[in-house]
Every structure is written in C-alpha cells, then in structure tokens.
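Only one structure is covered here, and it is reproduced in the block below.
When a ligand or atom number is given, it counts from 1 through the structure's own listing order. Position 1 is the first residue of the sequence, and the numbers go up from there.
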Amino acid sequence: MNTPIADIFSAAHQCVASQQVEEKLQLTKVTAQQWREGYFCLATDLPVQAIGEAGHPAKPLLVSPVKVPRRGLGSEEGRAALIHAVTHIEFNAINLAWDAVYRFRGLPKQYYDDWVRVADEEAYHFELLSKRLQSLGYQYGDFPAHNGLWSMAQKTADDPMVRMALVPRVLEARGLDVTPGMMARLKKAGDDETVAILEIILRDEIGHVEIGSRWFKYFCDERALNPEVTFRKLIDDYFVGELRGPFDYELRQQAGFSIEELEALDVLARQPAKE
Ligand SMILES: [Fe+2]
Ligand SMILES: [Fe+2]
C-alpha cells in the first residue's frame, strides 16, 4: 500500500473534464489502477463545482434524440450506427461514473471503490465497441448522438440519493431491458463479434445497476425513508410519461429490484405524459 499523495476528487474531476477521447480513457485507466493501489486519499480542499458540460470531443455532433437516425441492421452501416449509439452511451457512462465520485463527498470508502470500478469498466466497454466500429470502417464521432444521459446528471447533481435512483436505476437499468433483444437481432444479422462484446457489457451492467440499488438504499436508510416508496416518487417527479418498458424482471432482480418495484414500474410506464 502506497502512502496517499493525491485526492481522488481532483483526479475524478480531471477525468470528467478531459475532452480528448484517448486522454480520457488513459486517465481513467491510470486513475482506477492508482486508486486500487492506495495512491489517493478522500480528504480534499477542492470545492464541488456546479455541474456544467462534461468533457467531450467536437464529434459526435450532439442532437436531440429524435434526430438520431435509425437504420435497419441488414446493412453494415445500420449495424455501425447501432454500435455507435451504444459506444456513445459508454462514453457518457465514463463521465457519469467519475462525476458520481467527484460530486458526492464524505461517503464510505466503498462508495468510491464502487464508482471508480464502474468508470474503469465503462472505459473498457467504450474501447471494445470503438474497436469493433473501426473494424467495420467507422469511428466514434461518425454519427450524430444525443445528450440525454448527461442532462440527467445535471438534474440530479444536488443529491446522491436522487442520482443513484435516476441514473443507474433508470438510465443504466434500461440497458438490462434492451440489450438481450439487441443481441438477438445482431445474432440474426450474423454479427457474432458484436454479440460477444454486448455479452460482456451486459454482465458488467448488472453490477453497475446493483451498485446503484445498494447506494440508493443506503441513502434512504440514512434518511429513514422507505426506498420503494421513494423510488416511485422520484420516477413520478422526473420521468412520468417518459418511463419506457417492458422491463426485464430477471436481470433487474439480479441488479437489486424487487418484484413489487418492477410491478410498480410497469404501472408507471403506462401513465400518460404530464402536460
Ligand atoms: Fe457500460
Ligand atoms: Fe454502466
């Protein structure tokens, strides 16, 4: 174990701020490795800055979700567009994990262990997918992408309980619902290489959502709140009319959702949008 010589919050901030893809990946890997080696401490004078834009490269062009073109998976371009969309989610996920480390202070060391690990795994996912894109003749930035994930980080920047509920347990958890179907469609299109990558990602993402569930319950317990009631209320406040099912009960249960919670989500997903 090394003597800690730097604080993890400064390092996490640097990872979020980096605008170069390669640099962000490299910083993420090195920081995660050094965290595991005991290089960082949890004490800092660094004030928490208000959340702004996370560092991202000039491309992909960020557009509203409806303007992201959808293509069939029959063509290589169509598959590349789908892989690009997932690659972009992973890029955002690196920023989201580091922001969860940077922004919320004074928590048990396990919280930082968990979110540093998530950042490291998201960088790995990004690399797997961007290499796959390259083998199809494309690269990250070639298609437009949307910015919905980061805007949820901005809406949940003031409260780690709300962040845990709405980022890992709603946005990341959506991946558990849709990835098995995506894998089936890619398999049908004969793209076994991408299917193998998505298998790794799906396995890790169950872990990320489980981390979100665990810390959400921790914050609820601290405040003597019922986690299931609180989760439903937060969905109602932030997502009503926008929550999309169907939900993968089996994978979500592995990630810390109860049957009652999933049944409540089914009801919420059927509600009309708020005016
Ligand atoms: Fe991921
Ligand atoms: Fe994730």
Side-chain angles (χ1 to χ4, degrees), residues 12 15-16 18 21-22 24-29 31-32 35 54-57 60 82-104 110-134 140 143 145-154 156 160 162-183 186 193-216 244 247-248 250-257:
C15 291
V16 177
S18 169
V21 174
E22 277 313 314
K24 193 185 290 282
L25 295 173
Q26 202 49 34
L27 278 172
T28 296
K29 273 195 243 174
T31 306
W35 170 259
H56 59 86
L82 175 74
I83 297 165
H84 189 277
V86 186
T87 312
H88 181 67
I89 289 171
E90 301 296 348
F91 185 83
N92 274 280
I94 302 171
N95 284 333
L96 286 163
W98 282 126
D99 191 72
V101 172
Y102 165 74
R103 189 156 302 285
F104 305 117
Q110 183 66 47
Y111 173 89
Y112 303 101
D113 284 339
D114 285 339
W115 286 102
V116 170
R117 190 189 100 203
V118 173
D120 199 23
E121 289 179 354
E122 305 297 16
Y124 173 57
H125 298 165
F126 179 91
E127 276 181 328
L128 290 173
L129 289 164
S130 67
K131 278 193 192 123
R132 179 69 192 129
L133 261 186
Q134 278 164 21
Y140 180 55
F143 297 91
H146 71 82
N147 205 18
L149 292 173
W150 191 252
S151 59
M152 191 45 68
Q154 291 171 320
T156 60
V162 181
R163 172 69 65 88
M164 293 299 114
L166 302 183
V167 173
R169 300 196 92 221
V170 175
L171 299 182
E172 285 194 275
R174 190 70 193 133
L176 306 187
D177 306 326
V178 302
T179 307
M182 203 186 280
M183 285 161 71
L186 285 162
E193 288 94 332
T194 307
V195 173
I197 293 170
L198 292 179
E199 234 160 65
I200 297 172
I201 293 179
L202 186 57
R203 179 203 63 201
D204 291 347
E205 291 303 332
I206 295 169
H208 300 179
V209 178
E210 189 278 325
I211 287 170
S213 293
R214 196 154 29 82
W215 287 104
F216 174 63
R244 277 193 286 163
F247 306 101
D248 190 310
E250 198 185 317
L251 295 180
R252 282 184 180 246
Q253 278 181 277
Q254 288 178 33
F257 283 83

Ignoring waters, protein N/O/S atoms under 2.8 Å from the Fe ion (ligand 2) are Glu122 OE2, Glu172 OE2, Glu205 OE1, Glu205 OE2, His208 ND1
Across all chains, not counting sequence neighbours, the salt bridge (charged side-chain N to carboxylate O under 4.0 Å, His left out) partners of Lys131 are none
- Message: Go through it in stages, so that I can follow the logic: the residues are Trp150 and Asn95, the test is side chain to side chain donor-acceptor pair (under 3.5 Å), and I'd like the CA-CA distance, side-chain angles, deciding distance and then a yes or no.
- Response: CA-CA 8 Å; Trp150 191 252; Asn95 284 333; over 6 Å; no
Does the ring center of Phe257 lie less than 6.0 Å from the ring center of Phe247? no
Non-hydrogen side-chain atoms of Glu90 and Tyr140 separated by less than 4.5 Å
no
So the salt bridge (Lys or Arg N to Asp or Glu O under 4.0 Å) pairs with at least one residue in residues 168-177 (sequence neighbours excluded) are Arg169-Glu261, Arg174-Asp177, Asp177-Arg252
Those residues at least two apart in sequence (or on a different chain) that pass ring pair (Phe, Tyr, Trp, His ring centres under 6.0 Å) with Tyr102 are His13
